[in-house]
Every structure is written in C-alpha cells, then in structure tokens.
S.K.: 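Please see the structure below; I have some questions.
Naming: A, B, ... by sequence-line order, numbering from 1 per chain. Remember, it's a predicted structure, so these values are computed and weren't measured experimentally.
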2 protein chains.
Amino acid sequence: MRRLTQPGGKGSDPVTADQILQTAAELIDVDGVDAFSMRRLADQLGVAVTSIYWHIGGRDKLFDALVERLLGQMADLPSDGDNPVDHIASLARSQRKMLIDKQHLLAIAHERDRTPQLFLPIQQRLATQLSELGITGSDAALVLRAVQVHVISSAVMQFSAVRGAKHDEEDPSLWADAWPDRALVEALQSPTDYDAVFEYGLNALLAPLRDGMTDFRG
Amino acid sequence: MRRLTQPGGKGSDPVTADQILQTAAELIDVDGVDAFSMRRLADQLGVAVTSIYWHIGGRDKLFDALVERLLGQMADLPSDGDNPVDHIASLARSQRKMLIDKQHLLAIAHERDRTPQLFLPIQQRLATQLSELGITGSDAALVLRAVQVHVISSAVMQFSAVRGAKHDEEDPSLWADAWPDRALVEALQSPTDYDAVFEYGLNALLAPLRDGMTDFRG
DNA sequence: ACCTGAACACCGTTCAAGT
DNA sequence: ACCTGAACACCGTTCAAGT
C-alpha cells in the first residue's frame, strides 16, 4: 500500500494523536469511508494497530474526533452581502460548499447521528442577521433551522445522489408515449442539477424575509 | 436469539427468496441495519448462510432487492387536495410519512446511492398536477425535483438527527450572556421540531405556485 | 434444485507483555 | 509513556461436496 506521507526518517519517533487524526482524514478523503479500517490506518502510519488504541481509543472515538475537527473548520466560514437576507444566503452557500468539500466527513457525521451539531457553528451568525430583520424568538429559531436543514440535508443527499447517478437514468418507457409534455420528459432524462435545486429552495425559503413577511406559520 | 416467525413446522421446506427478503426486512426493522449480518439472517431463518447466497446472492444483491421493494410500495401513496398545489403538498406529505415509516430501508437506499430512484414512483403524478398549473418543460422538472429533494433529504436527515438528539442539547454558554434575544436562545434549547421545519420548507417551495408565479429562476 | 461445512481473508477490540 | 503480538469473536464470500 502506498504511503501518503513518509514515516519519520530516523528515530521513528512516537506517533501523536494529531498525526493519527490527520492521516485518518487523508486516508478517508482519498479512498472513502468504506475502504477505511483501523488496520489500514495503522499500516499507513507504520505502526501496530494497537498503538492507535492507546492514543485515540477505537474507531468510535476516532470518528468522533474527526467530526469535531469538521465542526471547528465550520466556525470560520466566509460570507458577505449588502443586506441581511443576502448575508444569510451567502452564509448558507459557503456552508454548503465546505460540506461538499468534506463530503466523506459529512457522511461520517451523518451516519453517527451528529448532523444536528453541524447547525451550531453558524447559528449565532444567522441569528444576528435575522434580528436585523426584526425576526426574533421562536420565529427566528424556525427560520434558522429551516435554512440549516436545507443546507445540510441537501448536501447529505447530494453525494449519495451524484455517486449513484449511473442509476439515475430515466426510463422513458415509464412515461406513456402519449405524454404530451415532451420537454419535461427530456429534462427529466438528464441528471438532476443539484446546484439549481439548492438555489431554488434557498430562494423560496428566504422569499418571505425579503417581503418583510412576519407570519411564519402559514 | 429469538425467532420472529416459526420455521416451517414439519418437512422443513426449502426457503424461498421471498421469505429471505421478508425476514431480512423484519430483522432490519427491529434491530437496525448495524446489527444485521448475513449470518444472523441465516440463523433467523434456520438455515446455513450459504443457502442465502444460492437464493439471493450476497449482501449487495439482498439490499438491492430490499430497496426495490420499497420503490414498489411507494407507487401506491395516497393523496388528495382540492387544487393542484394542495394535491402536490398532500403527495409530498404522504411520501415523507412512508419514508419515515421505513426509515431503515431509506437509510440503506441512501448509503447505497439509490436515493434518486426514490424520485421515480411519484414523478408522474407530480407532473400531472404541475401541468394543470400550466407549469411544463424544464420549469416543471426543476420544481418537481425541488419538492422531491426536500421530501427525501429531510427524511434522510431526520433519522440521524432524531437518533442523535441526545447530542443536540444547546450549550447556552456558547451564547454570550449578553445576547438580547432570550426567547430565541430558549427556543434553540429544545430539540428541533422537524415536522414544523418540513412544513415551513414545503410551504415556501409551493408558494410561487399558489401565486401563479412563472419565473422559477429568480 | 437446494443445502451444507470448511476455509479464506478480512474486521474491531482486549490484554498481557515488553521497553 | 509508548508500542507490540497474540488471541477472541465476529464479518462476507467462495467452493467443493453432498442429497
């Protein structure tokens, strides 16, 4: 198995927990979560499996630590915007971009039921923008969570969908030949444009804010 | 290990592929996907593991077949509504209800990158309603997929979120004590109401349709 | 046609033992 | 303080062998 980084040249120093996490993240990024195993990680580090247990403490703890790392990175998301609504949209887009970038880690967070924690890093920034729009209290909580669920859940689903795109080919025979809307059938034949779908949903979610609407429980 | 159903009393008849799938579905429903293994399934059926391989052909094929089953059930979703928009909303809600009901199978479909296929069973019914609103072609495709992504991705995310609710407790110390909006902080302390978030998003997605808006690429 | 046991190559984890 | 090998209990899958 190829090495991603050289093992320390001379004295073969003790491994640190940080090195283990870093290597694990790289390994997962390159080969995917499915190919990851404690033994492969140990191989990559040039160390016995059991030594990982001493430093980190098992697969669960390791993955928890990786998710924690992801949370940390999400604290520094860039954003801009001339008004609060644009600012929220911008935040949502850069959060989505980061999650897509770290898709393997997101998948891990998802399968470990940690997705709600992904709300936290930008919750306060969203709240600030909402308060400038005069949206507060439980209304603000609802909108905030709607935006977060939109961003995160569509990111979570997108990978699965994109990886499985090969299965996504529409079978035209399912549509009666007489179906009048040829343009629709054709549009459904090409793979889903998840960026466009995300933008459509985001705009819809934020439209009430632009209109200064205040009743969020239609 | 307890049996979910008795093994055939007398002649110990050959197992059928259907029995295998049925038992697998029950097992997964009760104990979750993580606890599922080919060997446990074989035990449950009172049969050697290898006989499952003869009938079905391995874990992959087995899961594929289970997902196929789910797709079949989604063809008969109930729906009503006095107008096309309400009809679409009703369809979306019953699709979501079914997915939540079969959450373990949805998780399997997700991790096997089969989520796009979940679009198919109700695609045509959505298209019919949209055409009644005068929405056709690529506009219809976009709206249709936005609705589907909303339903499925929020269902996919909800399980992970609900199962992980124990980690979802907001740490109030993260909010500066001076944060003025006490009501918001309090609202964020209680667990996310995913039904409300889903409804908020669904209404937002369908609002343009109610208003007879025709520009879907804001 | 249907089922079986043995075997292979993998897992994650524990633990006593080394230095 | 840090690393190790041996061992345990599990996996999914293949295959030759039975009836």
Side-chain angles (χ1 to χ4, degrees), chain A residues 1-3 5-25 27-28 30-67 104 107-108 111-113, chain B residues 1-3 5-25 27-28 30-67 104 107-108 111-113:
Chain A
M1 188 192 308
R2 78 209 176 289
R3 284 228 149 64
T5 42
Q6 334 302 338
K10 51 160 60 169
S12 73
D13 334 69
V15 199
T16 69
D18 251 24
Q19 280 168 41
I20 295 177
L21 290 180
Q22 181 59 32
T23 307
L27 217 47
I28 288 170
V30 172
D31 295 330
V33 204
D34 289 351
F36 178 87
S37 77
M38 300 297 279
R39 289 174 142 102
R40 280 167 65 95
L41 174 58
D43 274 4
Q44 181 74 30
L45 287 161
V47 110
V49 217
T50 43
S51 126
I52 297 174
Y53 283 80
W54 194 91
H55 283 286
I56 306 273
R59 200 179 211 255
D60 263 30
K61 290 266 186 67
L62 176 77
F63 280 2
D64 279 349
L66 289 178
V67 171
H104 293 298
I108 290 178
E111 86 180 20
R112 300 178 63 68
D113 305 334
Chain B
M1 188 192 309
R2 78 208 173 292
R3 285 227 149 67
T5 42
Q6 334 302 341
K10 50 161 60 173
S12 72
D13 335 66
V15 198
T16 70
D18 250 25
Q19 280 167 43
I20 295 178
L21 291 180
Q22 181 58 33
T23 306
L27 217 45
I28 288 171
V30 172
D31 296 329
V33 204
D34 289 350
F36 178 86
S37 77
M38 300 297 280
R39 288 174 142 100
R40 280 168 64 96
L41 174 57
D43 274 4
Q44 181 74 31
L45 287 160
V47 113
V49 216
T50 43
S51 127
I52 297 174
Y53 283 81
W54 193 90
H55 284 286
I56 306 273
R59 200 180 211 256
D60 262 29
K61 290 265 187 67
L62 177 75
F63 280 3
D64 279 349
L66 288 179
V67 171
H104 294 297
I108 289 177
E111 87 179 20
R112 300 177 63 69
D113 304 333

S.K.: Quick one: which of D:dC2, C:dA6, C:dC3 gets closest to the side chain of A:P14?
M.R.: D:dC2
S.K.: Assign each of A:I52 and B:Y53 to its nearest nucleotide of DNA chain D by heavy atoms, then name whichever residue's nucleotide is nearer the 5' end.
M.R.: A:I52
S.K.: Answer yes or no: is there a side-chain heavy-atom contact under 4.5 Å between B:W54 and B:T50?
M.R.: no
S.K.: Tell me: CZ of B:F63 to C1' of D:dC11, nearest whole Å?
M.R.: 13 Å
S.K.: Give the rounded distance in Å between these two atoms: NZ of A:K61 and P of C:dG12.
M.R.: 16 Å
S.K.: How many Å lie between CG on B:L41 and P on D:dT13, as a whole number?
M.R.: 12 Å
S.K.: Report yes if some heavy atom in the side chain of A:L66 is under 4.5 Å from a heavy atom in the side chain of A:I28; otherwise report no.
M.R.: yes
S.K.: Does a side-chain N or O from B:S37 land closer than 4.0 Å to OP1 or OP2 of D:dC11, or not?
M.R.: yes
S.K.: With heavy-atom distances below 4.5 Å as the criterion, would you say the side chains of B:L21 and B:I56 are in contact?
M.R.: yes
S.K.: Do A:H55 and A:T16 come within less than 4.5 Å of each other through their side chains, counting heavy atoms only?
M.R.: no
S.K.: In whole angstroms, how far is the C1' atom of D:dC2 from the CG atom of A:D18?
M.R.: 17 Å
S.K.: Could you check which of C:dC3, D:dA6, D:dC11 has an atom nearest any side-chain atom of B:R39?
M.R.: D:dC11
S.K.: Please figure out whether B:W54 or A:F36 has its closest DNA chain C nucleotide nearer the 5' end.
M.R.: B:W54
S.K.: When the distance from CE of B:M38 to P of C:dC3 is rounded to whole Å, what number comes out?
M.R.: 14 Å
S.K.: Using only side-chain N and O atoms of B:H55, determine if any of them is under 4.0 Å from OP1 or OP2 of C:dC3.
M.R.: yes
S.K.: Given atom CG of B:D43 and atom P of C:dG5, what is their separation to the nearest angstrom?
M.R.: 11 Å
S.K.: Should D:dT4 form a Watson-Crick or G-U wobble pair with both distances under 3.5 Å, which nucleotide is its partner?
M.R.: C:dA16
S.K.: Just so I know, are the side chains of B:T23 and B:V15 near enough to count as touching, which here means a heavy-atom distance under 4.5 Å?
M.R.: no
S.K.: In this structure, how many angstroms lie between the P atom of D:dG12 and the CZ atom of B:R40, rounded?
M.R.: 10 Å
S.K.: Nearest to the A:R59 side chain among C:dT14, C:dT13, C:dG5, which nucleotide is it?
M.R.: C:dT13
S.K.: Who does C:dC11 pair with, Watson-Crick or G-U, both distances under 3.5 Å?
M.R.: none
S.K.: Mind calculating the distance between CG (B:D34) and P (D:dC10) to the nearest angstrom?
M.R.: 16 Å
